[in-house]
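Okay, structure first, notes after.
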Amino acid sequence: MDLDKIIEVAGLTVDFDGKTVLSDVSFNAYNGQVTVILGGSGSGKTTVLRQILGLNPIRQGKINVLGKDISTLDESEQTKLYMKMGVFYQNGGLISSLTVGENVALPLEQHTNLPKEIIEEIVKMKLSLVYLQDTYKMYPSQLSGGMFKRAALARAIVMDPQMLLCDEPGAGLDPVSLASLDQLILDLKKLMKMSIIIVTHEVSSILRIADRVIFLENTKAIFEGTLSDALKSKKEPLINFFNKGKGQ
Ligand SMILES: Nc1ncnc2c1ncn2[C@@H]1O[C@H](COP(=O)(O)OP(=O)(O)O)[C@@H](O)[C@H]1O
Ligand SMILES: [Mg+2]
């Protein structure tokens, strides 16, 4: 077992209603790195994350997460594994009827028996990590777009996961808010040694944060490698993608 590989996807094929979304997709993600999953809309990026998270059954292929074949885990092993993974869903997924503090506290309330005061301390600490210490009692609707995303990030990391999975965390943000979200992601990698898998199509973000790039196109992973190799690739979809983003 190669401990450096935090995720190994091998020969993953996914069909929905007879339509192939992923065919024979293989790639690895490594400990301590930011791995970006790229591809056009509908190319299967969210599907890959859902498969890694065990939300869809695996019909063909294999996924190892932190050295464990996820299709062989029983329920308690699954729970244990997924507690090590934080998730940032596509729209942030905060519950509008709960305060920011209550939202961030949710995973701790669901998965631990910690007393209320300790949970409050942890939540406040995580909120200050994303520069939102003053929003504890606010509601999600009272936050700006960038603050909302950072609150969602605080919730994703509240359990101190070893790995963070983010689905288009920067979508809809202005360039300044996007850059500060990226900086937070880099902080998590550096300060908390988190391994991060992130779906994004913002070229400016990719250039700032990616160590490794996986490119999905026409159901296949057509590229897997370092950011600098991705930028040097002669494959047309990659050239087009990075050219298109130059004006960003
Ligand atoms: N649960 C599902 N049932 C049927 N089709 C799905 C399901 N999930 C995703 N798809 C289809 O799979 C394709 C890839 O979707 P998705 O992974 O969400 O793409 P991306 O995140 O790259 O935009 C799309 O054509 C989508 O309609
Ligand atoms: Mg998606």
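Just so you know, ligand 1 is whichever comes first in the structure, and atom 1 is the first atom listed for that ligand.
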Notebook entry, point to check: Are M125 and L114 grouped together when hydrophobic residues (ILVMFWY) are joined by side-chain heavy atoms under 4.5 angstrom apart?
Noted result: no
Item checked: Derivation and outcome, side-chain contact (heavy atoms from CB on, under 4.5 Å), residues I6 and N28 -> CA-CA 8 Å; I6 51 155; N28 298 323; over 6 Å; no
Notebook entry, point to check: Taking NZ, NE, NH1 and NH2 as the nitrogens, is one of them in K190 or D187 under 4.0 Å from a carboxylate oxygen of the other?
Noted result: no
Checklist line | Taking every non-hydrogen atom, the tightest pair across P140 and N103 | finding: CG-ND2, 3.7 Å
Notebook entry, point to check: Does the protein put a heavy atom under 4.0 Å from atom 22 (O) of ligand 1?
Noted result: yes
Checklist line | Metal check, the Mg ion (ligand 2) vs T46 N/O/S, cut-off below 2.8 Å | finding: yes
Next item on the list: Just jot down the ligand 1 atoms closer than 4.0 angstrom to any heavy atom of S41, in number order.
Entry: 23 (O)
Check: atom 18 (O) of ligand 1: which protein heavy atom is closest, and how many Å away?
Finding: T46 CB, 3.6 Å
Item checked: Sub-4.0 Å heavy-atom contact, G39 with ligand 1 -> no
Check: Between K235 and F215, is NZ or CZ placed under 6.0 angstrom from the six-membered ring centre and within 45° of the ring axis?
Finding: no
Margin query: Within the 3.5 Å criterion, strictly below it, is a donor on D174 or S177 matched to an acceptor on the partner's side chain?
Written below: yes
Next item on the list: Give the intermediate values and the outcome of side-chain contact (heavy atoms from CB on, under 4.5 Å) for residues R208 and Q183.
Entry: CA-CA 8 Å; R208 279 192 290 260; Q183 188 53 53; over 6 Å; no
Note to self: Show the atoms of ligand 1 that are less than 4.0 angstrom away from any heavy atom in G40.
What the structure shows: 22 (O)
Item checked: Identity and separation of the nearest protein heavy atom to atom 14 (C) of ligand 1 -> G42 O, 3.4 Å
Check: atom 25 (O) of ligand 1: which protein heavy atom is closest, and how many Å away?
Finding: K19 NZ, 2.7 Å
Margin query: Among all protein heavy atoms in this structure, tell me which lies nearest to atom 19 (O) of ligand 1, with the distance rounded to 0.1 Å.
Written below: G44 N, 3.3 Å
Note to self: Which residue and atom name correspond to the protein heavy atom nearest atom 15 (O) of ligand 1, and how close is it?
What the structure shows: T47 OG1, 3.8 Å
Checklist line | Pair D211 + K189, salt bridge at N-O below 4.0 Å | finding: yes
Notebook entry, point to check: Which protein heavy atom lies closest to atom 12 (O) of ligand 1, and at what distance to 0.1 Å?
Noted result: V21 CG2, 3.3 Å
Notebook entry, point to check: Looking at atom 1 (N) of ligand 1, what's its closest protein heavy atom, distance included?
Noted result: F16 CE2, 3.7 Å
